[in-house]
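Worksheet: one structure, shown below.
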Amino acid sequence: MDNVTLSGKNIIGLENFSADEINLVLKTARSMKKIIRGKEKKLPDLKGRAIINLFCENSTRTRTSFELAGKYLGADVVSINAATSSMSKGESLRDTLMTVEAMGVDAIVIRHKAEGSAEYASKIVKPIIINAGDGAHAHPSQGLLDLFTIQQAKGRLAGLKVAIVGDILHSRVARSDIFGLTKMGAKVHLAGPKTLLPRFFDFDGVEVHDNVEDAIKNADVINILRLQLERMQTGLFPTPREYARVFGINEKRLALAKEDVLILHPGPQNKGLEISNDITYCENSAIRDQVQNGVAIRMALLYLTLNGGNS
Ligand code: NCD
């Protein structure tokens with residue numbers, strides 16, 4: 001692991017990460033977390049570096065945490081929201097990328113509704129590209145923060161049973177979690193309505209169930225996904241009430257999992273739909289830890305890609 005480095009690497013998806021690279025990010029995030037919890041949240045490591053957050057889809061957690069992560073490390077960070085930029089006047093993604101590149105930025109964090117947009121950006125401009133979510137394809141920093149949250153709570157990843165429940169089909173989080181978790185030796189169990197599961201799925205270390213009970217039985221971790229209503233055609237499940245009844249995670253269902261099961265949800269939550277209120281705030285819930293760990297992981301990614309350091 002000593003010669004592993006992410007220096008200069010574009011962060012597009014966890015399919016392009018080795019287990020050693022994932023371990024490097026998790027190790028670096030552990031140090032970053034101490035900084036977030038400390039009093040003085042301003043390091044000199046990225047002083048003189050400029051980062052643009054280019055967000056063409058809405059976001060609360062991801063955008064804010066990338067922004068704070070860059071600032072905690074001393075970089076200058078500017079966030080652009082597509083709705084209030086010239087993209088709303090019809091400027092293309094290519095021209096927008098070239099415009100921000102010309103301003104001298106070192107990294108572009110990009111979220112866009114089109115799958116492949118982050119990879120496309122990496123072919124158009126020279127700054128480091130970090131994918132903050134491209135359509136249903138990938139959300140690598142979320143995948144890494146999920147791994148980090150699990151590792152911090154359970155002390156390991158290998159051998160754990162992790163259930164991912166809900167709208168797998170439209171979820172970039174599920175895809176990044178699957179690549180990350182299987183590379184680290186966890187067993188992944190997917191569950192959701194048949195219409196929200198991938199039709200053909202053959203992936204080592206992953207089992208697919210159309211019955212949520214089978215997936216969460218004896219699980220060490222349950223990651224509950226948001227129903228991505230904005231990406232759906234209508235008719236993929238009968239009614240919200242029916243979805244909550246058959247697939248929603250509530251106290252009664254939770255009893256099937258291990259007693260110390262860890263509950264994750266990437267947010268934003270559809271309360272009463274995929275998750276009940278009592279689950280969000282129960283003692284097994286690590287949903288708020290995920291948010292803090294998200295800042296630590298994004299600090300680690302910016303530090304490792306921009307600073308040239310390898311830990
Ligand atoms: C996720 C996203 O945008 O992909 N949210 C997030 O980044 N915290 C999941 C979601 O929107 O459901």
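This one's a predicted model, so the numbers in the text were calculated from it and none came from an experiment. When a ligand or atom number is given, it counts from 1 through the structure's own listing order. FYI, side chains are in, hydrogens and waters are out, and symmetry mates aren't considered; it's all heavy atoms of this structure.
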Pair E21 + K9, salt bridge at N-O below 4.0 Å:
yes

Between side-chain atoms of residues 101-114 and protein atoms elsewhere (two or more places apart, or another chain), which donor-acceptor pairs fall under 3.5 Å?
residue: E101; atom: OE2; partner: K126; partner atom: N; Å: 2.7
residue: D106; atom: OD2; partner: A50; partner atom: N; Å: 2.8
residue: R111; atom: NE; partner: A132; partner atom: O; Å: 2.8
residue: R111; atom: NH1; partner: N58; partner atom: O; Å: 2.9
residue: R111; atom: NH2; partner: T62; partner atom: OG1; Å: 3.2
residue: R111; atom: NH2; partner: A132; partner atom: O; Å: 3.2
residue: R111; atom: NH2; partner: H139; partner atom: NE2; Å: 3.2
residue: H112; atom: ND1; partner: A114; partner atom: N; Å: 3.0

Any donor-acceptor pair under 3.5 Å linking the side-chain atoms of N250 with those of S276?
no

Would you mind writing out the side-chain donor-acceptor pairs for residues 256-265 within the sub-3.5 Å range, not counting sequence neighbours?
residue: K258; atom: NZ; partner: D220; partner atom: OD1; Å: 2.9
residue: H265; atom: ND1; partner: G267; partner atom: N; Å: 2.8
residue: H265; atom: NE2; partner: E274; partner atom: OE2; Å: 2.8

Would you call E67 and K71 a salt bridge, using N to O less than 4.0 angstrom?
yes

Residues around ligand 1, heavy atom under 4.0 Å from any ligand atom, sorted by chain and number. Can you pull those?
R61, T62, R111, H139, Q142, R172, V173, R226, Q228, P266, G267, P268

Which donor-acceptor pairs under 3.5 Å do the side chains of residues 236-243 make with protein atoms, sequence neighbours left out?
residue: T239; atom: OG1; partner: E242; partner atom: N; Å: 3.0
residue: E242; atom: OE1; partner: R245; partner atom: NH2; Å: 3.4

